[in-house]
Protein chains: 2
Amino acid sequence: MSAVLPPLPTPPDAHEPELLQLGLPEDEPCLRADAARNRARLLEAATRLVAEHGAAGVTMEAVAAAASVGKGTVFRRFGDRTGLLTALLDHSERNFQAAFLSGPAPLGPGAPPVDRLRAFGHALLRRSGDEMDLMLAAEPSPERRFTPAPRRVHHSHVTLLLRQARPEADSELLAQALMGYLDPATIHHLTRRCHMPLERLEKGWDDLVARLTCADPPR
Amino acid sequence: MSAVLPPLPTPPDAHEPELLQLGLPEDEPCLRADAARNRARLLEAATRLVAEHGAAGVTMEAVAAAASVGKGTVFRRFGDRTGLLTALLDHSERNFQAAFLSGPAPLGPGAPPVDRLRAFGHALLRRSGDEMDLMLAAEPSPERRFTPAPRRVHHSHVTLLLRQARPEADSELLAQALMGYLDPATIHHLTRRCHMPLERLEKGWDDLVARLTCADPPR
DNA sequence: ACTTTAAGCGGACCTCGGTCCGCATCATTA
DNA sequence: TAATGATGCGGACCGAGGTCCGCTTAAAGT
C-alpha cells in the first residue's frame, strides 16, 4: 500500500534492508542527523517499555511519547509495529546470524551439514526461549509471515545445509517443514501451553533432522 | 479477558464448543429464539460480504449493519472476529472432519495409518487451496494459533495415526512438525508467493510422511 | 394472564494502528 | 552566509476491533 512518496518505495528499514544471504543490515544507509538521533531515541524508549510492561506495552503512541517524538516519525522510520519490534530484535539476530554464518563449528562452517542443522535448531530453540514475547509480538500477519528478512536468511541457510546433505531432495520444501517446527508460535505452544521441557523439543528436532537427511529413500 | 458475566466463562461458540475428539459442534446448545435468528442473519450477512468483498471486507460493523443488528450482538455471539470467520468455515470443516473420521478409506478409517496420513495431507492441501483467504483471515494471533478446536482435532487425528504407525515415537511432536507443513500461512507462502504447483506440495507431504513414519531408526 | 429474571440487545465509547499533509529543518550549492 | 530543495517531523484524523452498561424481551414459574 501507499508508495506515494517517490523516494520511499518501501519503508526505510521496515524489515532490515537487504541482508539477504550473508550481509547483515547496514547500520542505516545515510540517515539525516536528526533522523538518526530520533531513531536511537525511539529504540531506547521501546526497549525501556518492553522492560517495564512487556511487549504488549509497546504502543506506537507510547513509544513516540516516551521518545518525545511525533507518532508519524515512528511510522516513517519503522514502517509499522512489527517493523519496530523486529528492529528491537536486531542485535540478537545479528549475533545469531554471525554465529551460524561465520562462528565456530558445529553451528558455524566446518562441521558436516547434519551436525550444523542440529546445532542450528538448538540455538534457535534457546533464543526463542529467551526473547519469546518479543518474537511473538513481532510476528506479522499470516500473509506476510515469511517476508521479514531474518526468516528468509534462516530459511536459505537451512535449505543450503539440506542441499549439502541430500542434493537430490526438494530442499526448499524440506526446509519449510523444518522451519515450521522452529516457528516462535509453535515453540510457545509446546513449551508454555503444553509445558514440554526444552530437552524434549531438542530431542524432537534431532529426530526430525536425522529422518529428513538420511540418504536412503524410505520404503 | 472479560469473564465478567457469570454464565459466560467463554464466549458461546467462539471457536466451536467442544467437538474435541470426535463430536462435531452441536448446532447451538439452547439459544434463545431471537438470538438464534440473529445468529443466522449474521452468518448470512457475513457470507454475502465475503462473496462481495473478500474476507478483508468482513468488518464487524459492516456485518452488524448488513444483518440489521447491533455491533455488540456480533461480539456476544462470536467472541471476536476470528470467531466469526471460524464459524464461516464451519460447514467446510464439518465435511472435512466427517471425511477423515468416518468417511471412506483411505482418508477415513480402514486403510493403514500411513495411507490415511497421506490422504489427510492431500485433502487439507486442497481445502486450503480453496478457502485460502478465509483461513488466513481466521488465523488468530500467534499466542492463540493452536487453540481453535478444528486445529486441535486435526492435531489429535494426526497424532493418533502417527502413534499407530510408530508407537515408540514422540507422536505429539511429530504431529506438530507435520501440521506445520499444512499451516494455511505456509501453504499460502509456497503456492501464492513462491508459485509452487500443488503437486509439488503433495509430493513433499508424501516424502515427509514416509520419512517420519518409517520404522527403522536413522543412522 | 402476570411476574420475574436471566439472556440478549444496541450503540456510545475507548484504544490503537496507520495515514495525511502542511510546516520545519538539515544539507547542499552558490 | 543565503537560497533552495529534499528529507524529516508532528499531530489531527480515520477506521476497525473490542468493551460497557442501561434497556428490552423471551421464556419459565404462579
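Numbered from 1 within each chain, the chains take letters A, B, ... in sequence-line order.
- In this entry the distance linking CG of Leu42(A) with P of dG8(D) reads 14 Å, nearest Å.
- Side-chain N/O atoms of Arg32(A) include none lying less than 4.0 angstrom from OP1 or OP2 on dG8(D).
- For dG10(C), one of the phosphate oxygens OP1 or OP2 lies less than 4.0 angstrom from a side-chain nitrogen or oxygen of Thr73(B).
- Nearest nucleotide to the side chain of Val69(A), out of dG17(D), dG10(D), dG18(C): dG10(D).
- Rounded to whole Å, atom C1' of dG10(D) lies 12 Å from atom CD of Glu61(A).
- Using a cut-off of 4.0 Å between Lys/Arg side-chain N and Asp/Glu carboxylate O, Asp130(B) and Arg126(B) are scored as not salt-bridged.
- A donor atom on one side chain and an acceptor atom on the other are found under 3.5 Å apart for Glu131(B) and Ser92(B).
- There is a side-chain donor-acceptor pair under 3.5 Å between Glu93(A) and Gln97(A).
- If you take CE of Met60(A) and C1' of dC16(C), they are 10 Å apart, rounded to a whole angstrom.
- Rounded to an integer number of Å, the gap from CZ of Arg76(A) to P of dT25(C) is 16 Å.
- Evaluation of the side-chain hydrogen bond (donor to acceptor under 3.5 Å, both in side chains) test over residues 186-198 of chain A, restricted to residues two or more places apart or in two chains, returns none.
- Put simply, CZ on Arg37(B) is 14 Å from C1' on dA7(C), counting in whole angstrom units.
- Where Thr59(B) and Gly70(A) meet DNA chain D, the nucleotide closest to each residue was compared, and Gly70(A) sits on the side nearer the 5' end.
- Of all nucleotides listed (dC9(D), dA27(C), dA26(D)), dA27(C) comes nearest to the side chain of Ala33(A).
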Residues 47-62 of chain A, side-chain donor-acceptor partners within the protein, below 3.5 Å, at least two apart:
| unit_1 | atom_1 | unit_2 | atom_2 | d |
| --- | --- | --- | --- | --- |
| Thr47(A) | OG1 | Leu43(A) | O | 2.7 |

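- Distances from the side chain of Asp34(B) to the nucleotides dC9(C), dG18(C), dC13(C) place dC9(C) closest.
- Contact annotation: Asn38(A) side-chain N/O to dG8(D) OP1/OP2 distance is not under 4.0 Å.
- For Arg77(A), a side-chain nitrogen or oxygen approaches OP1 or OP2 of dC9(D) to under 4.0 Å.
- Rounded to whole angstrom, the span from the CG atom of Leu31(B) across to the C1' atom of dG8(C) amounts to 9 Å.
- If you measure from atom CZ of Arg144(A) to atom P of dG18(C), you get 10 Å, rounded to the nearest angstrom.
- When the C1' atom of dA16(D) is taken as reference, atom CG of Leu85(B) falls 14 Å away, rounded to whole Å.
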